[in-house]
Amino acid sequence: MTGPKQPVAARSGRGGPGRPRVRAVRRGVPVPLLVPGLLAMAFLLVPLLALLVRAPWRGLPSQLTSTEVWQALQLSLISATAATAVVLVLGVPLAWLLARAEFPGRGLVRALVTLPLVLPPVVGGVALLLALGRNGVVGQWLDAWFGITLPFTTAGVVIAEAFVAMPFLVISVEGTLRAADPRYEEAATTLGASRFTAFRRVTLPLIAPGIAAGAVLAWARALGEFGATITFAGNFPGRTQTMPLAVYLALQNDPEAAIALSLILLAVSVAVLAGLRDRWMTGA
């Protein structure tokens, strides 16, 4: 005779019918992974800690209230915000095309769109000069027809920052679109909505977190842009001198002002990471 049968869930553990009990096993960290990991952490954190240690905290208020620093800060915030607006207006439709539309050469277009991520910023500035400069491929017609000159102007700063920041938004929004279920859009179109109405009323609310994350990344990238800005827009105080350019200039004449501006950029970067912690960071 056999004893009373146990319930299946009791015999198989907490996992339910047919599911074996899973036990968390804590193991030590292998030394070949621990040592390089700690070295990498020190490599990334020591320069930032050195910036905090060497910061002139007593003279920091006077440095931050100086005319040059305030002009650079104000211009940086305005130009980065304007560049982010340009990126949103142009980048979201581009991300939708890459995620939803089928056309020849889509893979090549995607590669070219993300090229500014790996392209040296100075090369991007030279490319902008050749395209939008007074004698550029497009710039010569802008100057002849409309009298518009973009290089070495505040508008040139916005264009340079938007050029390097747009891939961050496009990648974020395209990834969110690919993860979103397209059947919601299809259901809206079957109910009589146009494709644009379905995008505006259905798709945009679905991908709003991805757009917000991409916009924050684009804004932070625009705020820290240096190479394309100095090449395409120059370094004129009060007109094109942003905070990264002011840091570079102050490092040669006033190191304490350079440290003060660097601390502002560091604080902005930390704020960006804190704003995206729910998207990229998970607790253990």
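As a basis for the values below, the full set of heavy atoms in this structure was taken, side chains included, without hydrogen atoms, waters or symmetry mates.
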Taking C-beta and beyond as the side chain, do Pro244 and Thr229 meet within less than 4.5 Å on heavy atoms? no
Hits for side-chain hydrogen bond (donor to acceptor under 3.5 Å, both in side chains) against Thr203, two or more places apart or cross-chain, chain-then-number order -> Glu185
Could you walk me through whether Trp96 and Val173 pass the side chain to side chain contact (heavy atoms under 4.5 Å, CB included) check? CA-CA 8 Å; Trp96 186 90; Val173 176; over 6 Å; no
I'd like to check Leu98 versus Phe103 (side-chain heavy atoms, cut-off strictly below 4.5 Å). Are they in contact? yes
Using 0.5 Å steps for rounding, measure from the CG atom of Leu132 to the CD1 atom of Ile159. 5.5 Å
Where the side chain of Thr190 meets the backbone of Ala187, is there a donor-acceptor pair that is under 3.5 Å apart? yes
Roughly how far, to the nearest 0.5 Å, is the CG atom of Leu245 from the CD atom of Glu225? 8.5 Å
Please report the shortest heavy-atom distance between Ala83 and Ala162, naming the atom on each side. CB-N, 3.8 Å
Is it the case that atom CG in Asn135 sees more than 12 heavy atoms from other parts of the structure closer than 6.0 Å? no
Flag yes if Val268 and Ile78 sit in one hydrophobic cluster, no otherwise; membership is Ile, Leu, Val, Met, Phe, Trp, Tyr, and two members link when side-chain heavy atoms are under 4.5 Å apart. no
Please check if the number of heavy atoms outside Arg54 that lie under 6.0 Å from its CZ is greater than 12. no
Quick check: closest heavy atoms across Phe163 and Pro116, and the distance to 0.1 Å? O-CB, 3.7 Å
Hey, is CZ on Arg110 packed in by over 12 heavy atoms from elsewhere, all under 6.0 Å? yes
Supply the atom-to-atom distance Ile230 CD1 to Thr240 OG1, rounded to the nearest 0.5 angstrom. 8.5 Å
Tell me, with the steps shown, if Leu177 and Arg100 meet side chain to side chain contact (heavy atoms under 4.5 Å, CB included). CA-CA 8 Å; Leu177 279 168; Arg100 292 283 192 263; 4.2 Å; yes
Would you say Ile259 and Leu51 make side-chain contact, with heavy atoms under 4.5 Å? yes
Are there more than 12 heavy atoms of other residues, nucleotides or ligands under 6.0 Å from atom CZ of Arg201? no
Can you tell me how far apart OG1 (Thr231) and CZ (Phe226) are? Round to the nearest 0.5 Å. 8.0 Å
Of the non-hydrogen atoms in Ala95 and Val170, which two are nearest, and what is the gap between them? CB-O, 3.8 Å
Please say yes or no: joined through hydrophobic side-chain contacts below 4.5 Å, possibly via intermediate residues, are Leu112 and Val109 part of one cluster? no
Could you check whether atom CZ of Phe43 has more than 12 heavy atoms from other residues, nucleotides or ligands sitting under 6.0 Å from it? no
Rounded to the nearest 0.5 Å, the OG1 atom of Thr84 sits from the CE atom of Met166 at a distance of 10.5 Å
Looking at Glu161 and Ala80, would you say the former's side chain and the latter's main chain have a donor-acceptor pair under 3.5 Å? yes
Is the backbone of Phe168 close enough, under 3.5 Å, to the side chain of Ser172 for a donor and an acceptor to pair up by distance? no
Do Trp219 and Val87 come close enough that some side-chain heavy atom pair is under 4.5 Å? no
Less than 4.5 Å apart, side chain to side chain, heavy atoms only: is that true for Thr153 and Phe236? no
Is it true that Val126 and Phe152 fall in one hydrophobic cluster, defined by side-chain heavy atoms closer than 4.5 Å? no
Report yes or no: do Ile148 and Trp141 belong to one cluster of Ile/Leu/Val/Met/Phe/Trp/Tyr joined by side chain heavy-atom distances under 4.5 Å? yes
Check whether any side-chain heavy atom of Leu48 sits under 4.5 Å from a side-chain heavy atom of Leu52, and report yes or no. no
Is there side-chain contact between Ile171 and Leu217, with heavy atoms separated by less than 4.5 Å? no
Heavy atoms only: give me the nearest Ala258-Val247 pair and the separation to one decimal. CB-O, 3.7 Å
Hey, quick one: are Leu33 and Leu44 part of the same hydrophobic cluster, counting side-chain heavy atoms closer than 4.5 Å, chains of contacts allowed? no
Just wondering, are more than 12 heavy atoms of other shown residues or ligands nearer than 6.0 Å to OH in Tyr248? no
When you measure from the side chain of Arg239 to the backbone of Thr154, do you find a donor-acceptor pair of N or O atoms at a distance under 3.5 Å? no
CG-CG distance between Leu261 and Leu266, expressed to the nearest 0.5 angstrom: 12.5 Å
Could you tell me whether the side chain of Gln71 and the main chain of Leu73 form a donor-acceptor pair under 3.5 Å? no
So do Leu169 and Leu94 actually touch side chain to side chain, heavy atoms under 4.5 Å? no
Please walk me through it: do Leu223 and Leu77 pass side chain to side chain contact (heavy atoms under 4.5 Å, CB included)? CA-CA 7 Å; Leu223 188 69; Leu77 295 176; 4.3 Å; yes
Looking at every heavy atom in both Val113 and Pro167, which two are closest together, and how far apart are they? O-CG, 3.4 Å
Search all heavy atoms of Arg134 against all heavy atoms of Pro151 and return the closest pair with its distance. N-CG, 4.4 Å
Between the main-chain N or O of Met243 and the side-chain N or O of Ser76, is there a donor-acceptor pair closer than 3.5 Å? yes
